[in-house]
Q: 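What follows is a structure written as structure tokens; I'll ask about it next.
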Amino acid sequence: MTLDLQLSMSPLPLQFYQQDTLSVARNLLGTCLVHESAEGTTIGRITETEAYLWGDPACHAYRRKTNRNGVMFGPPGHAYVYQIYGLHHCVNVVTAPEGVGEAVLIRSLQPLEGTLLMQRRRGTDKLTDLCRGPGRLVQAMGISKAMNGISLLESPLFVLPAGAFGSPVPVFPMVTTTRIGITQGTDLPYRFYIRDNRYVSFPVKNISGVK
DNA sequence: GCTGGGATCGCCT
DNA sequence: GGCGATCCCAGCG
């Protein structure tokens with residue numbers, strides 16, 4: 001199938017993001033994140049996610065709604081982009097009904113289209129370094145803080161179902177572990193990734209279950 | 001108004 | 001595997 005035909009596929013609909021947050025985190029594995037920018041189109045298969053839930057001390061929305069986390073309290077199916085450590089940005093998909101602050105962090109992608117553009121944006125040729133890690137993938141995809149709050153149901157930023165771009169749509173083994181880089185809620189098994197995939201940030205760490 | 005911590009990365013050894 | 005860069009914002013006063 002050509003790129004044009006692939007892109008004619010429909011983005012994941014609102015109903016996808018209305019699933020409970022852990023289901024969204026699991027079901028995002030294997031889907032394809034697309035950004036149609038002025039520089040060109042980049043696409044990556046989602047290989048690693050983390051869920052951040054209501055009542056979860058590691059969740060940015062744990063305490064209350066603020067300017068920074070406000071988008072998390074909005075309707076599902078939107079992008080939550082924030083800056084971390086003053087240098088990098090991370091992208092989440094907002095889940096849960098309006099008023100409930102939950103989201104899924106996208107931690108890694110397998111580059112599928114626009115890899116030359118990704119290499120230029122990242123300043124490296126190494127395929128595995130383009131989108132492995134939340135800060136890296138945001139840079140490779142050309143996602144900016146200005147995109148905080150935009151809808152994920154339409155261009156320029158959206159997700160195509162698993163099965164696009166020759167994904168192994170049937171089944172792939174999924175690993176469930178604790179989350180990376182947090183100091184609270186470290187025991188919660190809210191991180192998911194595709195097993196044996198090279199494009200994962202920290203494989204096989206604190207494995208609590210393999211499906 | 002000030003202070004400290006944070007869902008990271010790249011470079012160094 | 002360790003560490004420095006670097007800045008927004010929440011929390012406190």
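The structure displayed is predicted, hence computed values, not measured ones. Letters A, B, ... are given to chains in the order of the sequence lines, protein chains preceding strands, and every chain is numbered from 1.
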Q: State plainly whether the residues R121(A) and E39(A) are in salt-bridge range, i.e. N to O under 4.0 Å.
A: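 Yes, this pair counts.
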
Q: Nearest whole Å is fine: how far is dG10(B) C1' from K126(A) NZ?
A: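 After rounding, the gap between these two atoms is 12 Å.
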
Q: Hey, would you say the Y82(A) and H89(A) ring centroids sit under 6.0 Å apart?
A: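 No - the distance between ring centres of Y82(A) and H89(A) does not fall below the 6.0 Å cut-off.
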
Q: Taking atom P of dG5(B) as reference, at what distance in whole Å does atom CD1 of I182(A) sit?
A: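 Interatomic distance, CD1 of I182(A) to P of dG5(B): 17 Å.
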
Q: Assign each of R122(A) and Q184(A) to its nearest nucleotide of DNA chain B by heavy atoms, then name whichever residue's nucleotide is nearer the 5' end.
A: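 The residue whose closest nucleotide sits nearer the 5' end is Q184(A).
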
Q: Can you check the D129(A) CG to dG10(B) C1' distance for me, whole Å?
A: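 Going from D129(A) (CG) to dG10(B) (C1'), I get 10 Å.
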
Q: Is N92(A) touching bases, backbone alone, or none of the nucleic acid, heavy atoms closer than 4.0 Å?
A: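 It contacts base atoms.
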
Q: Heavy atoms only, 4.0 Å cut-off, all strands: where does E50(A) land among base, sugar-phosphate and nothing?
A: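 It contacts nothing in the nucleic acid.
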
Q: Please round to the nearest 0.5 Å and tell me the distance separating atom CG of L33(A) and atom CZ of F158(A).
A: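 It comes to 9.0 Å.
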
Q: Using heavy-atom distances to pick each residue's nearest nucleotide on DNA chain C, tell me which of K145(A) and L87(A) is more 5'.
A: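 This one resolves to L87(A).
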
Q: Does dT6(C) have a Watson-Crick or wobble mate here (both distances under 3.5 Å), and if so which one?
A: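 In the structure as shown, dT6(C) has no Watson-Crick or wobble partner.
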
Q: Does a side-chain N or O of T183(A) approach OP1 or OP2 of dG6(B) to a distance below 4.0 Å, or not?
A: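 For dG6(B), OP1 or OP2 has a side-chain N or O of T183(A) closer than 4.0 Å.
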
Q: For I84(A) and dC9(B), what is the distance between atoms CD1 and P respectively, to the nearest whole Å?
A: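 Interatomic distance, CD1 of I84(A) to P of dC9(B): 10 Å.
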
Q: Taking atom C1' of dA7(B) as reference, at what distance in whole Å does atom CZ of F202(A) sit?
A: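 It is 12 Å, rounded to the nearest whole Å.
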
Q: Quick test of your reading of the model: are D125(A) and R120(A) salt-bridged, counting only N-O distances below 4.0 Å?
A: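 No, this pair does not count.
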
Q: Under 4.0 Å from OP1 or OP2 of dC9(B): is there any side-chain N or O of R132(A) that close?
A: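 No.
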
Q: It should be established whether R68(A) places a side-chain nitrogen or oxygen under 4.0 Å from OP1 or OP2 of nucleotide dG6(B).
A: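 Answer no for this pair, as no side-chain N or O of R68(A) is under 4.0 Å from OP1 or OP2.
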
Q: Please check: side-chain N/O of T31(A) versus main-chain N/O of L28(A), any donor-acceptor pairing under 3.5 Å?
A: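 Side chain of T31(A) to backbone of L28(A), a donor-acceptor pair under 3.5 Å: yes, one is there.
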
Q: To the nearest Å, give me how far apart NE2 (H60(A)) and P (dG6(B)) are.
A: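 Answer to the nearest Å: 10 Å.
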
Q: Rounded to the nearest angstrom, tell me the gap between atom OH in Y62(A) and atom C1' in dG6(B).
A: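 To the nearest whole Å, that distance equals 17 Å.
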
Q: Write down the distance between OH (Y193(A)) and C1' (dA7(B)), rounded to a whole number of angstrom.
A: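 Rounded to whole Å, this separation is 17 Å.
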
Q: Of all residues at least two apart in sequence or in a different chain, which pass the salt bridge (Lys or Arg N to Asp or Glu O under 4.0 Å) check with E50(A)?
A: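 Only R107(A) meet the salt bridge (Lys or Arg N to Asp or Glu O under 4.0 Å) criterion with E50(A).
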
Q: Hey, where on DNA chain C does chain A first and last touch, going 5' to 3'? Cut-off is any atom under 4.0 Å from a heavy atom.
A: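 Nucleotide range in contact with chain A: dA5(C) to dG11(C).
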
Q: Is N69(A) reaching over with its side chain to a backbone N or O of M72(A), donor-acceptor style, under 3.5 angstrom?
A: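 Such a contact is absent between N69(A) side chain and M72(A) backbone.
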
